Amino acid sequence: PCAGPVENKNEAAMSEMVPEPRQKPVVPMKPIGINASLLGYIGIDTIIEQMRKKTMKTGFDFNIMVVGQSGLGKSTLVNTLFKSQVSRKSSGWNREEKIPKTVEIKAIGHVIEEGGVKMKLTVIDTPGFGDQINNENCWEPIEKYINEQYEKFLKEEVNIARKKRIPDTRVHCCLYFISPTGHSLRPLDLEFMKHLSKVVNIIPVIAKADTMTLEEKTEFKQRVRKELEVNGIEFYPQKEFDEDLEDKTENDKIRQESMPFAVVGSDKEYQVNGKRVLGRKTPWGIIEVENLNHCEFALLRDFVIRTHLQDLKEVTHNIHYETYRAKRLNDNGGLPPMTVETEENHESNL
Amino acid sequence: RKDGCRTLSLSAHVGFDSLPDQLLRKSIKQGFCFNVLCIGETGIGKSALMSSLFNTNFEDSPSTHFLSSVRLRAQTYDLQESNVLLKLTIVKTVGFGDQVNKADSYQPIVDYIDAQFEAYLKEELKVIRSLFSYHDTRIHVCLYFISPTGRSLKNIDLLTMRSLESKVNVIPIIGKADSISKTELQEFKKKIMSELVSNGIHIYQFPTDDETVSEINTISNGHLPFAVVGSMEKVKIGNKMVRARQYPWGIVKVENENHCDTVKLRRMLCTNMEDLREKTHAYYELYRCCRLEKLGSRDVGPENKPVSLQEVIEAKRLEFFLEMEIKEEEIKQRFVQRVNEKAAMLEEAEQQASMPILTKFEHLMLMHQEEELKLGEKKKLLEDEIAQFVEKKAIAELIQSQVSVSTPVVSLK
């Protein structure tokens, strides 16, 4: 369903995006098996170990995108999250390095390993977002990039002789950096999240949270949550994808209390109480990044990496990708997509 | 977007080593499924073995020997061991080897396996699909029961196993192995394996690339085919109830590895379950390839330029459309022709129907005419006769009158 002719471009940009209801698949009921009780140990539970071994052998891909105006500490935060120089900081501007005139998409991949688990981490940076004078439609290159990754995956999936493991470049998580104004969300924030929350998992974070007091932080977070709700923006973890009561209770707490996480990033270590901690040194004290009393970095890290990383990937694969695929196939009359070159020529050829 | 990524070292604990656990947590919640296909003659002990392998009583009624063709019967069971939920589907052949002519025995089996691939493919090709909650019915392992003749494989064994080769993981086992002595068994096993090799039949080999299991798997590969014994009943030995078969000369204990290979088979199935599932998916990919190719798609076009599925299907669609047009024309023409034919037939029939009446009439007319003629002739004859008679009568009367005038009595001389 496409909107009729748009008279005013501005109007279209600020229009209410009526979210297209996601079509739910017809899921045939799994056959209810006859309940048979085992009268002795068989060894079926060894399958868990087998799967663990298999997943550790193949390794994992994780693609994280950071979006926000320059200077909000995106690169520092990503480096803090993954405890390594995954993102090249743009602090220390060379005279030659300018803020890009349009939004650029820069994806850099690294391989990191921990506890026998190998991960190919790709950080996708979006320099130039929100930095122009006129920021209309600056989310478009980002949306385009995300859809291009879905397209790439779809093409591979549709091949006759396909790879055993299709390389996954799809964006699993998009960290959106909110300026700590203390007031409310900016129109740009709302526009971006409205458009992109339909295609990718968005995790809003309040950047440079060390500029707010505890009360200011709580109020700001409440206001932001309210605004997101009023604008119908579903950030990750989305309510509709809670699988069971356990998930729901856990995620409700995160959605209604913790998010958006107010974070501070740093890659410098200082000595505090005899321990070396990551922090920011100010005349009035050292802000400890991993201290929950100071900021919510640890919550964000645990959420994204230690508990919900696999779920981020699954929601991307099972929901966002499937939505893209269904739309693509429907537009093509149920056929798989054409080659990229001809895509611009043929609008709807069937 | 380069593929050459550099390796970074972490300065502290990040925490993504919990990723396998996160993944497993989801898998455990969803549960696992495993599908076993048992092929074997009626009465070779398929049900007994299944109950023994999974140490549970799968209720099943014995089947008749008099089925006209091979059928397959599937039953799903929900099993649980610690936190693992397993949906086990057991598919058994019914009537295998009972027919007088066994030439087509393998066909229903191959068809069943293909049908499960087809169902999965259909789901995969849907526009709105849900693969992560789809109940996978593809057969992960096929246990082929060999009769304990002690001699060699039968022709039907070779034929069936060959037909299953590139479709499913086949593990050959010797059923009712308690009827063969130990020494005979060794010879039998060797013979079977060499026959499989010489006939070029590939069976499932337990994987030996992972060091932790390669040793035990290599040994198990050497024990193939597994000589199994199954039992639904338990026998009291000491103070325990043990699954066994009681004979006058002794008790065959199913779970005793000296008595039979049932426990070995169970161990191998469980510890290689994931590998079996992976290889099944590889067979599925093969099926999918062939199927899509049959539908006319290619990945590479005539000039070796990559052809997208779309283009090919579009071309096919056009072809199909033209074909339909031609067919439509044909049908139209045939219809017209038939109408004409029918009309002609009806006309002719009408003519013929009216023909007899005319002919009859004409025929009667003819007959009538002929009769008339005949009668006319007869009448004429009769008239002639009458005329003659009248003449004669006249002459006679004349003579009579002349004779009475001059009557000399003349004696007649």
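A note on names: the letters A, B, ... follow the listed sequences, proteins ahead of strands, and every chain is numbered from 1. Just so we're clear, the structure is a prediction, and the values are computed from it rather than from any experiment.
For A:Thr169, no part sits under 4.5 Å from any heavy atom of chain B, backbone or side chain. With a 4.5 angstrom heavy-atom cutoff, A:Asp244 touches chain B only via side-chain atoms. Using a 4.5 Å cut-off between heavy atoms, A:Leu121 does not touch chain B at all. A:Arg301 touches chain B through its side chain: at least one heavy atom from C-beta onward sits under 4.5 Å away, while N, CA, C and O do not. Contact of A:Tyr41 with chain B is made through backbone and side chain together, with heavy-atom distances under 4.5 Å. Neither the backbone nor the side chain of A:Lys106 has a heavy atom closer than 4.5 Å to any heavy atom of chain B. Within the 4.5 angstrom heavy-atom criterion, no atom of A:His317 approaches chain B. With a 4.5 angstrom heavy-atom cutoff, A:Lys313 does not touch chain B via any of its atoms.
Between B:Asp21 and A:Arg52 a salt bridge is recorded (basic side-chain N to carboxylate O distance below 4.0 Å). Using a 4.0 Å cut-off between a side-chain N of Lys or Arg and a carboxylate O of Asp or Glu, A:Glu157 and B:Arg288 do not qualify as a salt bridge. The pair A:Asp247-B:Lys29 meets the salt-bridge criterion, with a side-chain N (NZ, NE, NH1 or NH2) lying under 4.0 Å from an Asp/Glu carboxylate O.
Looking at A:Arg162, its side chain never comes within 3.5 Å of a backbone N or O of B:Cys289 through a donor-acceptor pair. Under the 3.5 Å distance criterion, the side-chain polar atoms of B:Glu274 are left unmatched by any main-chain donor or acceptor of A:Ile47. Not one N or O on the side chain of A:Thr55 forms a donor-acceptor pair closer than 3.5 Å with the backbone of B:Pro20. The backbone N or O of A:Asp45 sits less than 3.5 Å from a side-chain atom of B:Glu81, completing a donor-acceptor pair. Checked by atom type and distance alone, the side chain of A:Glu113 never pairs as donor or acceptor with a backbone atom of B:Leu10 at under 3.5 Å. The backbone N or O of A:Arg306 sits less than 3.5 Å from a side-chain atom of B:Ser18, completing a donor-acceptor pair. Listed for the B:Gln22 side chain is a donor-acceptor partner under 3.5 Å among the backbone atoms of A:Ile305. The backbone N or O of B:Val14 lies less than 3.5 Å from a partner atom in the side chain of A:Glu114, making a donor-acceptor pair.
Contact count against chain B (heavy-atom pairs under 4.5 Å) is highest for A:Lys53 among A:His308, A:Lys164, A:Glu49, A:Lys53. With chain A as partner, the option from B:Val213, B:Val263, B:Asp210 having the largest number of non-hydrogen pairs under 4.5 angstrom is B:Asp210.
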